[in-house]
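Here is how names work: the chains are called A, B, and so on, in the same order as the sequence lines, proteins then strands, and each is numbered from 1.
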There are 2 protein chains.
Amino acid sequence: MKVLIVEDDPLHRSYLHEAVNAALPECDTVIEAENGTVGEKLARDHKSAHIVMDLQMASRNGIEAARTIWKERPETRILFWSNYSDEAYVRGVSRIVPDGAAYGYVLKSASDERLKLALRSIFIESQCVIDREVRGLQQKSLGQTNGFTDSEYEILVDIALGLTDRAIAKRRGLSLRSVQNRLQQLYDKLDVYQTAGDDHEDGRFNLRARAVTVAFLRKLLNYSALERAEAELQEWLDGK
Amino acid sequence: MKVLIVEDDPLHRSYLHEAVNAALPECDTVIEAENGTVGEKLARDHKSAHIVMDLQMASRNGIEAARTIWKERPETRILFWSNYSDEAYVRGVSRIVPDGAAYGYVLKSASDERLKLALRSIFIESQCVIDREVRGLQQKSLGQTNGFTDSEYEILVDIALGLTDRAIAKRRGLSLRSVQNRLQQLYDKLDVYQTAGDDHEDGRFNLRARAVTVAFLRKLLNYSALERAEAELQEWLDGK
DNA sequence: CAACAAGCTGCGGGTTTACGCAAGACGGCG
DNA sequence: CGCCGTCTTGCGTAAACCCGCAGCTTGTTG
């Protein structure tokens, strides 16, 4: 059995290496990659079926890498090991995991025990292991209660990218008015409004910009999500 | 000699601990804090004059902590040890360092040697040590060439927060038109424009939102900067 | 099948933005 | 002092945005 580790930070990498050795005596080879690009390549070359992957990496982040890896070999088992449980990451991951694939999401703050357990569960037992904290987000986001639907999230990303209503309409195949409707829903859910309640104009917000900021502060968006969205946008722009 | 380490990640923390021991034999006590809040407290209690500090921490980030520490004891020597060299961090740090204080900024990707050297230079020789990569940013940002002036940066933050032109005018004591002027400067420098060059409307951007995104992608802004700005805004709003 | 909720769309109008034009205000310099 | 560049401000306009009102198309349910 071989395990591939994809992780930026040398300290974390060697920690993972040890953890894998300790948790999986049946593992005879451990390979290391220090960023997503190398990770993809090694996964391909070695046909790795067991991967531990960091999410936040400089060169090519974990979500991107995982997507292409899963595209080529959907039965690959991947354990995401991340510092954060931003909703943006969670959403990003659950959008790319293939049906029935075994995967895991464990926070770096988890104990050694927890990590080892997750390693065994996923790689040996083919079970999904999702950190409790992450799980909470996932359900809130999928169950519509208080969560954001895909269309709401989509339009959030679009205004975050700085598109006009018209451009969004064209991109998503909607009318102008529909775009604005969705925006309204979004503002509503994010609880942004003009603060115009007072007698004279006071601390007014530009709803569009404010929505993006609030989403950021709530970790609904983060750098990595923006980066991906921007790449998709460019792709779309090129394809006219 | 005492050294205080303020760092989120247990692995990095113990690595730092060792590095300090190795680099500074004259150091007899090493104290550790796992977030900014605790860091501030320990700095106060121990009157620490030598601190190594991570920037990105969950509870209270390094910049906030450093600011209050320096406010109470400006001669404190602080070495910032960070994963990133985002312009937002660099700008944030250089805005709070007191005149003539010895401080340092070293990236986590630097070699052991470099880190040890920086520790000695700052704590023993009272010299500033700024990572070359960071240095580059700093100069570009302070020297006006291609960099952003304070007023440009300020208005960038304001629209990122989602304020309207009017609100910005009030907050900064300017006329509406002046705010819009500065916005124009900003758009210019960020190189955002309507893409209206074509015959019919195509990939139009909402300049205001686009500017924020571009700034994010260029690391001119990041989560921590937003968080701080938001806190300041709330403060201002409360003070009417 | 009728009834209903949810989403799409057009119309219309009040606000906010983006930005050209031009008239002061201020500081440095020969 | 007079010239000049930078910054501020007002006026005015076209476009974009926010959003209420109302007619339509759907999928769902009793």
Requested in this report: Answer yes or no: is there an ion pair linking B:Arg60 with B:Glu40, defined by an N-O contact shorter than 4.0 Å?
Outcome: yes
Requested in this report: Compute both the distance and the angle, then confirm whether B:Lys219 meets the cation-pi test with A:Tyr223: under 6.0 Å from the six-membered ring centre, within 45 degrees of the axis.
Outcome: yes
Query raised in the report: A:Leu163 CG to D:dA16 C1': how many Å, rounded?
Result: 14 Å
Report task. Can you tell me the distance, in whole Å, between the CG atom of B:Asp188 and the C1' atom of C:dA18? Result -> 13 Å
Query raised in the report: Do B:Arg44 and B:Glu72 meet the salt-bridge criterion of a basic N to acidic O distance under 4.0 Å?
Result: yes
Query raised in the report: C:dA18 C1' sits how many Å from B:Ile155 CD1, rounded?
Result: 13 Å
Query raised in the report: Could you give the CZ-to-C1' distance, from A:Arg204 to C:dT16, as a whole number of Å?
Result: 10 Å
Query - Spacing of A:Lys189 atom NZ relative to C:dA6 atom C1', expressed in whole Å - result: 13 Å
**Report entry** B:Asp54/B:Lys108 salt bridge by N-O under 4.0 Å criterion
**Finding:** yes
Tabulated below should be each protein N or O lying under 3.5 Å from an N or O of nucleotides 7-11 of chain C; please produce it.
{"unit_1": "C:dC8", "atom_1": "OP1", "unit_2": "A:Arg182", "atom_2": "NH2", "d": "2.6"}
{"unit_1": "C:dT9", "atom_1": "OP2", "unit_2": "A:Ser175", "atom_2": "N", "d": "2.5"}
{"unit_1": "C:dT9", "atom_1": "OP2", "unit_2": "A:Ser175", "atom_2": "OG", "d": "3.1"}
{"unit_1": "C:dT9", "atom_1": "OP2", "unit_2": "A:Ser178", "atom_2": "OG", "d": "2.7"}
{"unit_1": "C:dT9", "atom_1": "O5'", "unit_2": "A:Ser175", "atom_2": "OG", "d": "3.1"}
{"unit_1": "C:dT9", "atom_1": "O4", "unit_2": "A:Asn181", "atom_2": "ND2", "d": "3.4"}
{"unit_1": "C:dG10", "atom_1": "O6", "unit_2": "A:Arg177", "atom_2": "NE", "d": "3.4"}
{"unit_1": "C:dC11", "atom_1": "N4", "unit_2": "A:Arg177", "atom_2": "NE", "d": "3.3"}

Query raised in the report: Taking the side chain of A:Thr164 as its heavy atoms from C-beta onward, which of D:dC19, C:dA18, D:dC17 lies nearest to it?
Result: D:dC17
Query raised in the report: Please give, in whole Å, the distance from D:dC18 P to A:Ile159 CD1?
Result: 8 Å
Report task. Quickly work out the B:Asp165 CG to C:dC19 C1' distance and round it to whole Å. Result -> 12 Å
Requested in this report: Please report the shortest heavy-atom distance between B:Gly62 and B:Phe80, naming the atom on each side.
Outcome: O-CE2, 4.3 Å
Requested in this report: Assess A:Arg77 against A:Tyr103: is NZ or CZ under 6.0 Å from the centre of the six-membered ring, and within 45 degrees of the ring's axis?
Outcome: no
Query raised in the report: Given D:dC17, C:dA18, D:dC19, which nucleotide is nearest the side-chain atoms of A:Gln194?
Result: D:dC19
Report task. Could you grab the distance from atom CZ of B:Arg67 to atom CZ of B:Arg95, nearest 0.5 Å is fine? Result -> 7.5 Å
Query raised in the report: Does A:Asn206 make a side-chain N or O approach to OP1 or OP2 of D:dC17 shorter than 4.0 Å?
Result: no
Query raised in the report: For the pair made of CZ in A:Phe205 and P in C:dT16, what is the distance, rounded to whole Å?
Result: 14 Å
